[in-house]
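Here the structure comes first, spelled out in C-alpha cells, and everything after it is commentary.
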Amino acid sequence: MNDLNVELPDGSTRTLSEGSTALDLAKAIGPRLAKDALAARVNGLLTDLSTSLADRDRVAIVTPASEDGREVLRHSSAHVLAQAVTRLWPGALYAIGPAIRDGFYYDFELPGGDHFSDDDLARVDAEMRAIIAEEQPFTRAEHSIEEGLKIFKDQPFKIEIIEAVVRGGNAEDLAETASSTMVSTYSNTSAFVDLCRGPHVPTTARLGHFQLTRVAGAYWRGDEKNPQLQRIYGTAWESKEALAAHLTQLEEADKRDHRKLGHELDLFSFPSEIGSGLAVFHPKGGIIRRVLEEYSRQRHEVSGYEFVYTPHISKAELFETSGHLSWFAEGMYPPMVLDEGQEYYLKPMNCPFHVLIFMARQRSYRELPLRMFEFGSVYRYEKSGVVQGLTRVRGMTQDDAHIFCTRDQMADELASLLKFVLDLLRDFGLSEFDLELSTRPPGNAVGTDEEWAEAEATLLSVAQAEGLDLVLDVGGGAFYGPKISVQARDAIGRSHQLSTIQLDFQEPKNFDATYIAPDNTRQRPIMIHRALFGSVERFLAILIEHYAGNLPTWLSPEQVRVLGVRDDHDGYAYDVAALLRKEGVRVSVDEASEPLGARIRKAKLEKIPYVVVVGDDDVAQGTLGVNARGSNDPERGVALGVFSERLVDEIERHASPEAP
RNA sequence: GCCUGGGUAGCUCAGUCGGUAGAGCAACGCAUUCGUAAUGCGUAGGUCAGGAGUUCGAAUCUCCUCCCAGGCUCCA
C-alpha cells in the first residue's frame with residue numbers, strides 16, 4: 001500500500017496511508033482537532049471530512065470558529081431547517097437554502113399555499129432541535145442526472161435547478177449541485193434528501209447555536225414575476241457565546257437606529273397625515289441640517305461653485321426632453337393636470353433645470369467649467385414597501401451640482417472633484433471609504449471610446465493618489481456615462497453609499513446644449529452630475545447612526561447646558577450662558593426647580609456635549625464645573641474663559657468631547 | 001407592489017372569555033433649594049390609527065383603507 005503526502009497550511013507535510021480521508025488527517029494531527037473538525041479545504045475547495053485525500057493535496061482542516069467553519073455550520077443549519085419544515089408541513093416543497101452573512105435561510109412553498117407566521121418559528125425551532133438531538137449523519141451521494149431527476153420528482157424547484165445546471169446554469173445553481181453531469185445530494189435520514197453540493201458537518205450534533213430570526217416572502221429566483229415563496233431566516237454560530245455576542249451586537253445596532261434616536265432626541269418625525277416617506281424636521285433636527293448645509297455651501301463656494309435655485313414642479317415637456325419620462329416614469333409621482341390639459345410633474349431630479357440655466361443664454365468656453373450647485377428637493381414615488389426612515393424617502397433634498405465643462409477640462413475636473421468629495425466627508429468624521437467605478441456597458445453607450453477611457457483612467461488615478469482601493473464594476477455604468485460612487489464605513493463597520501459622480505454625455509445632447517469654442521464653433525459640453533451627501537436626509541441618518549446620536553460639538557443642536565446648583569445660582573448661570581452665546585455657542589439654562597441629579601440626567605439623555613454646573617464656589621471665583629459627554633468624571637473649578645476658549649476651538653475643529 | 005408582524009394617553013407598554021380604559025415615565029400645579037444620571041404630593045390627559053360590518057353590547061371578532069417594522073423586488 002502506498003503512502004500519500006499532503007501539505008498543511010503551515011507548509012509542513014504529513015504522510016498518510018492510502019485511502020485516508022480528511023478526518024483521518026485531523027486524527028493524525030491530534031485528537032482535539034479531530035473532535036473539532038467540521039470540514040476540510042482541499043486544494044482550495046471546501047469539502048466534507050469524509051473526502052478521500054490524494055497525494056500532494058494541500059489540506060486545511062476547517063474548525064467551527066473560522067469563516068469557513070461558520071459557513072459550513074450555517075449551510076448545514078439551513079439543511080436542518082428544511083428537514084424540520086418538511087416534517088411539520090408534509091408535502092412542503094423546498095427550494096434553496098444558502099448560508100448568508102451571519103446566518104442562513106431556506107425558501108419553501110407550503111402545501112395549500114400556506115404561509116409561515118411568526119408563531120411558526122418556535123415550532124420549527126423545536127423541530128430543528130429534535131433533529132439535532134437525533135445526531136443524524138449528513139451522508140453525501142452522487143447520482144446521474146437521470147437518477148437525480150427521479151429522486152426529486154416531487155420537488156419541482158429542485159428539478160428546475162438540475163435542469164438549469166444541465167443547460168449551463170449560473171453560479172447560484174451550481175452551488176446547489178456539483179456539475180452539469182452529476183447530481184450531488186445529502187441525506188440525513190431516508191426521509192429527507194436535499195440537492196446540495198455541500199460540504200456539511202459530519203452530523204447534526206455539531207449544530208445547535210442558532211436562532212431563527214424571521215419569516216419573509218421571497219420571490220423564486222429573486223424575480224418579481226415568479227411565485228413568492230416562504231422564507232425563514234436564522235443566524236448560526238460556533239458557540240453559545242458567539243451567538244450571544246451577535247445578538248448583543250444587533251441590539252447595539254438597534255440603539256443607533258436613526259429613527260429611534262431621531263424620535264428620542266426630537267429631531268424629526270414622519271406625520272402620517274403628510275404621507276409615507278415624507279419627513280418634517282423639528283427645531284433641533286433643523287439646527288443640525290442648517291449647520292450641515294451651511295458648511296457645505298461654504299465649502300462649495302470656495303471650490304468655485306455658483307448657487308442656483310429651481311422650482312419643484314415642471315411641465316411634462318421638460319422631462320420628455322430630458323428623457324426621464326421615458327425611462328424613469330415609474331419612479332415619478334403621477335402628473336397634476338391643469339385646466340387646459342397641461343401636465344405638470346414633481347421633479348425627481350434637478351439636472352434638467354440646471355441644463356436650462358446653462359442654456360438661458362449663449363455660453364462661451366471662457367465660462368467653463370460652470371459649476372451649478374443647489375440643495376434641490378426632489379420627489380420620487382418609491383414603492384410602498386421600500387420606504388425606510390430617512391434613508392429611503394419620497395421627498396428629499398439633494399446636495400446636487402452639475403458641472404458643465406469641455407472635453408479638455410474633464411480630467412482635471414474629475415480629479416479635483418473626487419478630492420473635494422473625500423475632504424468634505426472627512427470633515428464630518430467619516431474616514432474609511434470604498435470606491436466603485438462603473439465602466440462602459442456593452443452595447444450602445446453614448447460618448448466616444450476616448451471619452452470613456454479618459455474618464456475611467458482619471459477616476460482610477462485619483463483613487464490611487466488618495467491611497468484608496470477602487471473596485472471596478474466592469475460594464476456597470478449607465479449608457480450615458482461612467483460613474484464613480486463613494487461608500488463610507490461607519491463606526492460599526494457598515495458601509496453606506498454616499499456620493500456619486502456621474503459623467504453624462506447624453507443629456508446636453510437631449511437639450512442640444514452648446515457653448516461657443518475658441519474657434520467660434522458650437523460645441524457640446526460634457527456634464528458631470530454629482531451629489532456628495534447623496535441626500536441631506538439620508539446623510540443625516542448615517543451621521544446619527546455613525547455617532548450613535550453623540551454628534552460632534554459643532555453639529556449638536558444644543559452644545560452646552562448650564563445648571564445652577566440652587567436657584568440663587570441661576571443668575572450666574574444666565575451670565576455664563578450669555579457669555580458663551582456671544583462666542584456663538586448654542587447654550588441653554590435649566591433653572592434649579594428640580595434636584596441637580598435629575599437635571600444632569602435629563603441633559604445626559606439628550607446627549608448634550610457639555611453639562612456645566614455652577615454653585616457657590618463658581619459664583620465666587622468665576623469658574624464652572626464641566627461635565628463632558630462620555631465622561632463620568634466632572635472637572636471642577638474650570639475658569640470660564642478657559643472653558644469658552646476650549647469649546648470654541650473644539651467647534652472649529654469639528655471635534656467632540658469624546659474625541660477632543 | 002408582494003409576504004409576515006404591528007398601530008391603546010406625548011412616550012414605553014398592560015388590557016383575561018366580547019361587558020363603560022390601566023400603569024410607569026413625560027406634561028401641568030403646589031411644596032422642596034439640592035455640587036454631578038430620577039425629590040415628594042396632587043391634577044389633567046383616550047374617536048383604542050380611520051371607516052364599515054357582526055352583536056343587546058367591540059380596544060377585543062370580520063372586511064376595507066392609512067401608517068409603521070422586518071424581508072422580497074426595486075434603488076435610475
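So you know, we letter chains A, B, ... as the sequences are listed, proteins then strands, and number each from 1.
Pairing each heavy atom of A/Asn510 with each of A/Thr321, the nearest pair is CB-O, 3.2 Å. Here the closest heavy-atom approach between residue A/Leu261 and residue A/Gly549 is recorded as CD1-N, 3.7 Å.
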Contact list (N/O, under 3.5 angstrom) for nucleotides 25-28 of chain B vs protein:
none

Which atom pairs link the protein and nucleotides 61-68 of chain B when you take only N or O atoms and keep those under 3.5 Å?
residue : atom : partner  : partner atom : Å
B/C68   : OP1  : A/Ser276 : OG           : 3.2
B/C68   : OP2  : A/Ser276 : OG           : 3.0

Discussion item. Using ring pair (Phe, Tyr, Trp, His ring centres under 6.0 Å), reason through A/Tyr480 and A/Phe505 one step at a time and then give a plain yes or no.
Written reply: CA-CA 6 Å; A/Tyr480 51 86; A/Phe505 305 127; 9.2 Å; no
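In this entry B/C66 has B/G7 as its Watson-Crick or G-U wobble partner, both defining distances falling under 3.5 Å. Pairing for B/C48 is absent, judged as Watson-Crick or G-U wobble with the two contacts each under 3.5 Å. Using the Watson-Crick or G-U wobble rule with both distances under 3.5 Å, B/C61 pairs with B/G53. Remark: B/G35 base-pairs with no nucleotide; criterion is Watson-Crick or G-U wobble with both hydrogen-bond distances under 3.5 Å. Pair assignment for B/C13 gives B/G22, based on Watson-Crick or G-U wobble hydrogen-bonding distances that are each under 3.5 Å. Across all strands shown, B/G29 pairs with B/C41; the Watson-Crick or G-U wobble distances both stay below 3.5 Å.
Residue pairs satisfying the side chain to side chain donor-acceptor pair (under 3.5 Å) criterion with at least one member in residues 269-278 of chain A, sequence neighbours excluded, are listed as follows: A/Ser269-A/His282. Among pairs with a residue in residues 589-599 of chain A, those fulfilling side chain to side chain donor-acceptor pair (under 3.5 Å) read A/Tyr574-A/Glu591, A/Glu594-A/Lys602, at least two apart in sequence or across chains.
The side-chain contact (heavy atoms from CB on, under 4.5 Å) check on A/Asp567 picks up A/Asp570, A/Ala592, with sequence neighbours excluded. Qualifying side-chain contact (heavy atoms from CB on, under 4.5 Å) partners for A/Ala573, counting only residues two or more places apart in sequence or in other chains: A/Val562, A/Val589, A/Val614. A/Tyr610 pairs by the ring-ring contact (aromatic ring centres under 6.0 Å, His included) definition with A/Phe643, not counting sequence neighbours. Residues passing the ring-ring contact (aromatic ring centres under 6.0 Å, His included) test with A/Phe281, sequence neighbours excluded: A/Phe268. Among residues two or more places apart in sequence or in another chain, the ring-ring contact (aromatic ring centres under 6.0 Å, His included) test is passed with A/Tyr379 by A/His312. Take A/Tyr345 and apply the ring-ring contact (aromatic ring centres under 6.0 Å, His included) test, not counting sequence neighbours, and it matches no residue.
The nearest heavy atom of RNA chain B to A/Val626 and to A/Ala592 marks one nucleotide each, and the one closer to the 5' end goes with A/Ala592. Summary of the strand contacts: A/Arg214 and A/Tyr480 both lie near RNA chain B, and taking for each the nucleotide with the nearest heavy atom, the more 5' one is attributed to A/Arg214.
The side chain of A/Val386 sits closest to B/C74 out of B/G35, B/C74, B/U36. Closest to the side chain of A/Tyr219, from the set B/A38, B/G35, B/G1, is B/G1.
Between B/C67 and B/A49, the two P atoms lie 16 Å apart (nearest whole Å). Across B/G7 and B/A26, the matching P atoms stand 25 Å from one another, rounded to whole Å. Remark: the separation of the P atoms in B/A21 and B/C66 is 30 Å, to the nearest Å. To the nearest whole angstrom, the two C1' atoms, one in B/G24 and one in B/C17, are 28 Å apart. As rounded to the nearest Å, B/U62 and B/G46 have C1' atoms that lie 25 Å from one another. Spacing between B/U12 and B/A52 at atom C1', rounded to whole Å, works out to 32 Å. For B/G10 and B/C48, the P atoms lie 12 Å apart once the distance is rounded to whole Å. When the C1' atom is used for both B/A37 and B/C25, the distance is 15 Å, rounded to whole Å.
For RNA chain B, the neighbouring residues in residues 562-577 of chain A, judged by any heavy atom under 4.0 Å, are A/Val565, A/Arg566, A/Asp567.
Within 3.5 Å, no donor on the side chain of A/Arg599 pairs with an acceptor on the base of B/C34, nor the reverse. A donor N or O paired with an acceptor N or O is not found under 3.5 Å between the base of B/G35 and the side-chain atoms of A/Asp616. For A/Lys383 against B/U73, a side-chain N or O and a base N or O form a donor-acceptor pair under 3.5 Å. Between the base of B/G1 and the side chain of A/Tyr381 there is no donor-acceptor pair shorter than 3.5 Å.
Looking at heavy-atom distances under 4.0 Å, A/Thr213 makes no contact with the nucleic acid at all. Among the heavy atoms of the strands lying under 4.0 Å from A/Arg392 is at least one base atom, whether or not backbone atoms are also near. Heavy atoms of A/Asn632 sit nowhere under 4.0 angstrom from any nucleic acid atom. Backbone-only engagement by A/Gly597 is indicated by non-hydrogen atom pairs under 4.0 Å involving sugar-phosphate atoms exclusively.
Rounded to an integer number of Å, the gap from NZ of A/Lys225 to C1' of B/C74 is 12 Å. For the pair A/Trp327 CH2 and B/C75 P, the interatomic distance rounds to 12 Å; values are reported in whole Å. Rounded to whole Å, the distance from NZ on A/Lys260 to P on B/G70 is 13 Å. In this entry the distance linking CH2 of A/Trp220 with C1' of B/U73 reads 16 Å, nearest Å. Atom-to-atom, CZ of A/Arg221 to C1' of B/U73 comes out at 16 Å; the value is rounded to the nearest Å. Atom CD1 of A/Ile600 and atom P of B/C34 are 15 Å apart (whole Å). Taking atom CD of A/Gln388 as the reference point, atom P of B/A69 lies 7 Å away to the nearest angstrom. What separates CG of A/Asp254 from C1' of B/G70 is a distance of 11 Å, to the nearest Å.
A donor-acceptor contact under 3.5 angstrom links the side chains of A/Ser588 and A/Glu558, judged on distance only. Residues A/Thr248 and A/Glu251 have side chains that never bring a donor and an acceptor to within less than 3.5 angstrom of each other.
For A/Tyr233 and B/C72, the shortest distance from a side-chain N or O to OP1 or OP2 is below 4.0 Å.
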Worksheet item: Reading nucleotides 3-13 of chain B 5' to 3', which nucleotides get B (base under 4.0 Å from a protein heavy atom), which S (sugar-phosphate only), which -?
Response: BSS-----S--
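A/Phe108 and A/Tyr106 have their aromatic ring centers within a separation under 6.0 angstrom. Between A/Trp237 and A/Phe210, the ring centre distance reaches or exceeds 6.0 Å. Aromatic ring centroids of A/Phe358 and A/Phe404 lie under 6.0 Å apart.
A/Glu382 and A/Arg392 are joined by a salt bridge, as a carboxylate oxygen and a charged side-chain nitrogen come within less than 4.0 angstrom of each other.
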